[in-house]
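One structure below.
All residue numbers refer to positions in the sequence shown, counting from 1. When a ligand or atom number is given, it counts from 1 through the structure's own listing order.
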Amino acid sequence: MARPQEERPRKSVMDLDFSAEDLAFQAEARRFLAEAFPKDLREKQDRGEDFSKDDIVRWHKILAQKGWVAPSWPTQYGGTGWTPTQKYIWSEEQARADVLAIPPFGLSMLAPVLYTFGTEAQKQRFLPRIYNADDWWCQGYSEPGAGSDLASLKTKAERIAGDDGREYYLVNGQKTWTTLAQYADWGFFLVRTDPNAKPQAGISFLLIDMKSPGVTVRPIITLEGGHEVNDVFLDNVKVPVENRIYEENQGWTCAKALLQHERSGIAGVARSKRNLEKLRGMARTERSDTGGSLIDDAFFRRKLAELEIDLTALEFTELRTLAGESSGQGPGPESSILKIKGTEIQQRLTELALEAAGHYGAPHLLGLPHNQAAIGPFDARGAAGEYFNTRKTSIYGGSNEIQRNIIAKMVLGL
Ligand SMILES: Cc1cc2nc3c(=O)[nH]c(=O)nc-3n(C[C@H](O)[C@H](O)[C@H](O)COP(=O)(O)OP(=O)(O)OC[C@H]3O[C@@H](n4cnc5c(N)ncnc54)[C@H](O)[C@@H]3O)c2cc1C
């Protein structure tokens with residue numbers, strides 16, 4: 001029997017019409033991005049160079065000074081209090097202006113854990129420094145034997161009394177795939193504090209100063225020749241007990257909450273829209289096998305159209321999540337849908353870009369040296385590297401196969 005109207009659970013309402021205020025905000029955001037993004041960084045980008053840590057921190061600080069670096073945080077800690085539509089406009093405008101993306105580790109992954117589970121002292125100590133990019137954070141979850149099956153992690157943390165009368169954890173183990181740990185001042189780590197408990201019950205969430213004695217970071221070079229990920233070795237690292245977030249052995253609760261934020265952030269809809277436009281531009285200048293312009297090739301057009309349709313569908317799913325977040329619902333297991341579809345689209349975009357770039361992409365493959373100015377369309381230069389690098393997106397943040405398992409269990413109830 002259908003429930004009476006008033007008993008039905010309320011759904012979050014999504015209003016996508018831009019009001020006069022939204023349009024004014026859009027104009028303000030567009031103006032700000034055009035004026036504030038440093039010229040030398042734009043030139044670097046135009047030359048196809050990678051951004052350094054200093055570049056990223058500089059842009060982060062400019063956004064922080066404007067008060068716009070952490071729109072999703074609660075306003076008491078520096079959030080903007082924007083409506084879902086304004087947040088949507090902001091991410092659209094950033095992608096449109098093609099400004100560099102701030103890494104998510106502190107701002108979008110650790111911060112929600114801190115303001116949800118941290119003590120007042122921990123919030124006071126770490127949130128302002130994350131906001132202002134005073135600390136660079138990395139994520140120490142995965143281990144050589146613990147990726148998809150994260151709860152089997154072995155890095156051990158034992159309580160010891162320090163000579164100074166304070167209590168510490170003595171941490172020993174190895175983390176792997178730790179993104180940009182070479183830049184990190186701090187890391188959030190999952191460690192085993194009770195080896196006898198059930199796997200998920202014996203884990204704690206620790207904040208570790210990466211300059212502590214016993215922390216070693218070793219590079220892993222990826223397929224396209226980049227240094228993005230690392231092994232991190234922890235050898236008798238002393239971590240004060242007050243650096244633990246939430247209860248001892250209850251770290252899995254924080255770990256799961258963080259992963260849901262990580263997954264919804266991976267979708268990257270606005271950037272994919274921007275990349276689709278770039279791809280369309282390249283297809284206009286490149287020729288197809290049949291001699292005409294690639295954009296007029298029926299097969300290529302069909303692939304572009306299919307991508308655009310999927311991207312539009314994903315955009316609406318993301319907007320529903322945003323609307324839910326603003327009415328107090330955290331991103332739930334549905335964030336797995338965003339992760340799967342978003343990363344598949346990113347990969348398909350790089351596949352089509354490589355197809356469009358053809359041999360113009362080749363000299364830059366694996367950073368091969370070249371003594372002549374590049375020929376061909378500008379966006380072809382990075383196409384091979386982007387193609388290889390983007391293979392990672394269906395693996396990190398929990399592989400897409402694992403996301404399908406989560407949807408089957410938590411969303412479909414199978
Ligand atoms: C570029 C990059 C950056 C990363 N950055 C970080 C980081 O900063 N910090 C961090 O902690 N980790 C990071 N990771 C690690 C990432 O989270 C793991 O790689 C991921 O969780 C998969 O684990 P694994 O590599 O051990 O693969 P495995 O778990 O060994 O899986 C191997 C394959 O088996 C499949 N599989 C495994 N179990 C199942 C199952 N139950 N059902 C169906 N299929 C299954 C997987 O989908 C995968 O295809 C990064 C990874 C990459 C590639």
Side-chain angles (χ1 to χ4, degrees), residues 50 53 56 101-110 113 135-155 171 173-192 199-200 203-208 210 215 217-234 245 251-252 254-266 268 333 335-336 339-340 342-344 346-347 350 385-410 412 414:
D50 288 338
K53 176 182 179 180
I56 297 169
I102 307 286
F105 302 104
L107 274 179
S108 339
M109 287 161 64
L110 176 63
V113 168
D135 296 322
W136 186 294
W137 285 86
C138 67
Q139 176 189 26
Y141 273 31
S142 308
E143 298 182 3
S148 302
D149 184 14
L150 186 59
S152 67
L153 63 92
K154 291 196 170 55
T155 293
V171 183
Q174 183 193 343
K175 296 290 173 180
T176 191
W177 306 120
T178 323
T179 302
L180 301 180
Q182 72 268 32
Y183 296 159
D185 303 296
W186 283 83
F188 47 90
F189 285 78
L190 293 181
V191 295
R192 186 158 300 288
Q200 296 173 353
I203 291 171
S204 298
F205 191 101
L206 286 191
L207 307 183
I208 300 184
M210 295 294 282
V215 177
V217 176
R218 194 176 69 188
I220 301 174
I221 303 303
T222 43
L223 191 58
E224 84 292 1
H227 175 197
E228 233 177 71
V229 284
N230 302 273
D231 281 316
V232 174
F233 299 91
L234 301 151
I245 306 292
W252 194 247
C254 306
K256 276 193 306 184
L258 184 142
L259 282 173
Q260 283 173 343
H261 283 280
E262 178 179 6
R263 282 166 195 156
S264 17
I266 290 174
S335 60
S336 298
K339 203 263 160 172
I340 295 174
T343 55
E344 285 178 354
Q346 288 158 25
Q347 292 185 337
T350 62
E386 278 293 307
Y387 168 82
F388 285 121
N389 187 275
T390 307
R391 299 307 97 193
K392 71 188 177 189
T393 60
S394 50
I395 303 171
Y396 67 24
S399 76
N400 286 12
E401 289 78 13
I402 295 300
Q403 302 315 308
R404 287 191 171 85
N405 288 349
I406 293 173
I407 293 168
K409 250 203 200 146
M410 312 290 288
L412 303 175
L414 297 175

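Within a 6.0 Å sphere centred on CG of Asp185, other residues, nucleotides and ligands contribute more than 12 heavy atoms. Under a cut-off of 6.0 angstrom, the local environment of CH2 in Trp252 is crowded, with over 12 non-hydrogen atoms contributed by other residues, nucleotides or ligands. Within a 6.0 Å sphere centred on NZ of Lys154, other residues, nucleotides and ligands contribute 12 heavy atoms or fewer.
With a 4.0 Å cut-off on non-hydrogen atoms, Thr222 does not touch ligand 1 at all.
Against a heavy-atom cut-off of under 4.0 Å, Thr179 is close to the following atoms of ligand 1: 3 (C), 4 (C), 5 (N), 6 (C), 7 (C), 8 (O). Taking a cut-off of under 4.0 Å to the non-hydrogen atoms of Val229, the atoms of ligand 1 that pass are 1 (C), 2 (C), 3 (C). Listed by atom number, the atoms of ligand 1 under 4.0 Å from Ser399 heavy atoms are 46 (C), 47 (O). Distances below 4.0 Å separate heavy atoms of Ile402 from the following atoms of ligand 1: 38 (N), 39 (C), 40 (C), 41 (N).
Distance from atom 7 (C) of ligand 1 to its nearest protein heavy atom, with residue and atom name: Trp177 O, 3.1 Å. Annotation: atom 42 (N) of ligand 1 to nearest protein heavy atom, Asn405 ND2, 3.1 Å. Annotation: atom 52 (C) of ligand 1 to nearest protein heavy atom, Tyr396 CB, 3.7 Å. Ranking protein heavy atoms by distance to atom 21 (O) of ligand 1, first place goes to Gly147 C, 3.7 Å. For atom 19 (O) of ligand 1, the nearest protein heavy atom (residue, atom name, distance) is Ile395 CG2, 3.5 Å.
One option in Cys138, Pro104, Ser142 has a heavy atom closer to atom 12 (N) of ligand 1 than any other, and that option is Ser142. Of the listed options Arg404, Gln403, Lys175, Lys392, Lys392 places a heavy atom closest to atom 1 (C) of ligand 1. Here the shortest heavy-atom distance to atom 9 (N) of ligand 1, taken over Gln139, Met109, Glu143, belongs to Gln139. Checking Ala146, Ser148, Gly398 against atom 37 (C) of ligand 1, the nearest heavy atom belongs to Ser148.
Pro144 places a side-chain heavy atom less than 4.5 Å from the side chain of Thr176. In this structure the side chain of Thr178 never reaches within 4.5 angstrom of the side chain of Asp231, judged on heavy atoms.
For atom 39 (C) of ligand 1, the protein comes within 4.0 Å by at least one heavy atom. For atom 44 (N) of ligand 1, a protein heavy-atom neighbour is present inside the 4.0 Å cut-off. The presence of a protein heavy atom under 4.0 Å from atom 33 (C) of ligand 1 is ruled out. The nearest protein heavy atom to atom 30 (O) of ligand 1 is not closer than 4.0 Å.
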Could you walk me through whether Leu110 and Leu207 pass the side-chain contact (heavy atoms from CB on, under 4.5 Å) test, one step at a time? CA-CA 10 Å; Leu110 176 63; Leu207 307 183; 4.0 Å; yes
Go through Phe188 and Trp137 one step at a time and tell me if the side-chain contact (heavy atoms from CB on, under 4.5 Å) criterion holds. CA-CA 7 Å; Phe188 47 90; Trp137 285 86; 4.0 Å; yes
Using the side-chain contact (heavy atoms from CB on, under 4.5 Å) rule, take Val113 and Phe205 through it: C-alpha gap first, then chi angles, then the decisive distance, then the call. CA-CA 10 Å; Val113 168; Phe205 191 101; 4.1 Å; yes
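Inclusion of Glu228 in the set of residues having an N or O under 3.5 Å from an N or O of ligand 1 is not warranted.
Of the possible polar contacts, none joining the Lys339 side chain to the Glu262 backbone as a donor-acceptor pair under 3.5 Å is found.
Applying the salt bridge (Lys or Arg N to Asp or Glu O under 4.0 Å) test to Glu401 and every residue at least two apart in sequence or in another chain returns nothing. Residues satisfying the salt bridge (Lys or Arg N to Asp or Glu O under 4.0 Å) test with Glu228, not counting sequence neighbours, are Lys392.
The shortest non-hydrogen separation linking Gln403 to Gly398 is NE2-O, 3.1 Å.
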